[in-house]
There are 2 protein chains.
Amino acid sequence: MKNNINEPSGIQADDCPSVDGLRMTRQRSEVYKVLMDHRDHPTAGEVFERAKENMPTISLATVYNCLEALVQHGAVRQVNFERESSRYCPNLTEHGHFHDEESGEIIDVPLKKGAMLSDLLELPEGAQIDNLEITLRGTIAE
Amino acid sequence: MKNNINEPSGIQADDCPSVDGLRMTRQRSEVYKVLMDHRDHPTAGEVFERAKENMPTISLATVYNCLEALVQHGAVRQVNFERESSRYCPNLTEHGHFHDEESGEIIDVPLKKGAMLSDLLELPEGAQIDNLEITLRGTIAE
DNA sequence: AGCACTTTTTAGAATAATTCTAATTATTGA
DNA sequence: TCAATAATTAGAATTATTCTAAAAAGTGCT
Ligand SMILES: [Mn+2]
Ligand SMILES: [Mn+2]
Ligand SMILES: [Zn+2]
Ligand SMILES: [Zn+2]
């Protein structure tokens, strides 16, 4: 029997990352797979559309629930551009996001290895940073 | 007569910054003054509440309209934290925002003079940055 | 000032992303 | 197998924001 405590019946291991303390249901796996497969930054609605291809019965509420669970367990990141719908990102390395206004594409912008945030910013005395979000908008010279 | 072409009757000069090409109405002045006076980062609803103290007839729609006009003309900045209501900031210097999770306060975080964004980020080849948003969440050691 | 024209304000309706509710289904662990 | 817990679901509710259309205000003539 290949199923273990983290793998409910019928789920393959590669659909089923063992996220610390998060029960990996079929729906959560499917949502996670959608993000891993495309590696772009879809909205909840887009995740829903893609998930329905493999799992026609999944609901939008469940997609929201799964995304929230994955975000809370650090398996996925939530990305916001201004007031637009939230987008979701499977890239867990420290990075910001560049929104190309011409193509509409969202490009991951890695933080340079070893760079200090305090070289760029006059941080408040004693500040302890729990979360950093860097968002860029612009164009790319052709 | 002290009124000039940019100062409709009854408005004092200091309520009435001459924002390039933006007609400075009583409502826009009031909204702008609310932001300049408190220098925190209120939501549209909070601006509405404060504006009503001086101008009881102003409407929420107008507050939204004024804020949009001021943002579009660069007199004020719009700041977003995750999915919360937009906040508005009268500080036009380049800065990010630190949200102190304990006090709830939002603190301006100046960009260090002369610091290069490309020292921190692996920017896409040929990227031209039109807009940069830096958002931090955390606590301040007591 | 009087008049046409444009812009702004306003109250209230509409929108849309997200969250909530409550019922059903699935999973766990004894 | 069975009770307890957790997840999923459809649809309703929420809420920040935008839209609509009518009234008011401002502008630039003459
Ligand atoms: Mn876009
Ligand atoms: Mn807070
Ligand atoms: Zn990303
Ligand atoms: Zn600010």
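Near DNA chain C, defined here as any heavy-atom distance below 4.0 Å, the residues from residues 64-77 of chain A are A/Tyr64, listed numerically.
Under the salt bridge (charged side-chain N to carboxylate O under 4.0 Å, His left out) criterion, B/Asp40 pairs with B/Arg50, sequence neighbours left out. Applying the salt bridge (charged side-chain N to carboxylate O under 4.0 Å, His left out) rule to B/Lys52 yields the partners B/Glu49; only residues at least two apart in sequence or on another chain are considered. Checked against side chain to side chain contact (heavy atoms under 4.5 Å, CB included), A/Met36 has the following partners two or more places apart in sequence or in another chain: A/Tyr32, A/Arg39, A/Pro90. By the side chain to side chain contact (heavy atoms under 4.5 Å, CB included) test, A/Ser118 pairs with A/Met116, A/Leu123, sequence neighbours left out.
Distances shown here put a side-chain N or O of B/Arg83 below 4.0 Å from the OP1 or OP2 atom of C/dT18. Checking the phosphate oxygens (OP1, OP2) of D/dT8, no side-chain nitrogen or oxygen of A/Ser59 falls inside 4.0 Å. An OP1 or OP2 oxygen of C/dA17 is reached within less than 4.0 angstrom by no side-chain nitrogen or oxygen of A/Ser86.
What separates CZ of B/Arg28 from C1' of C/dT9 is a distance of 10 Å, to the nearest Å. As rounded to whole Å, 13 Å separates atom P of D/dG11 from atom CG of A/Leu60. The CZ-C1' distance, from A/Arg26 to C/dT27, rounds to 13 Å in whole Å. With rounding to whole Å, A/Ile58 atom CD1 is found 14 Å from D/dA7 atom P. Remark: P of D/dT9 and CD of A/Glu30 are 11 Å apart, rounded to the nearest angstrom. Distance, A/Phe48 CZ to C/dA16 C1': 15 Å, rounded to whole Å. If you take CZ of A/Arg87 and C1' of C/dT18, they are 16 Å apart, rounded to a whole angstrom. Atom CG in A/Asn80 sits roughly 16 Å away from atom C1' in D/dT17 (whole-Å rounding).
Partner of A/Val79 under the side-chain contact (heavy atoms from CB on, under 4.5 Å) criterion, chosen from A/Glu133, A/Glu84, A/His97: A/His97.
A/Thr43 comes within 4.0 angstrom of nothing in the nucleic acid, heavy atoms only. Nucleic acid contact for A/Ser85: sugar-phosphate only, since backbone atoms but no base atoms lie under 4.0 Å from a heavy atom of the residue.
The list of side chain to side chain donor-acceptor pair (under 3.5 Å) pairs with a residue in residues 61-75 of chain A, not counting sequence neighbours, reads A/Ser59-A/Thr62.
At a threshold of 4.5 Å between non-hydrogen side-chain atoms, the residues B/Ile134 and A/Leu121 count as touching.
Inspection of the A/Gln78 and A/Ser86 side chains reveals an N or O donor paired with an N or O acceptor under 3.5 Å.
Residue B/Ala44 places its side chain closer to D/dT17 than to any other of D/dT8, D/dT17, C/dT10. Set against D/dA7, D/dA10, C/dT18, the side chain of A/Ala61 has D/dA10 as its closest nucleotide. Side-chain proximity of A/Gln27 to the nucleotides D/dT9, C/dT18, C/dT10 is greatest for D/dT9. The A/Arg23 side chain lies nearest to C/dT27 when the options are D/dT8, C/dT8, C/dT27. With distances taken from any side-chain atom of A/Thr25 to the nucleotides C/dT9, D/dA7, D/dT9, the minimum falls on D/dA7.
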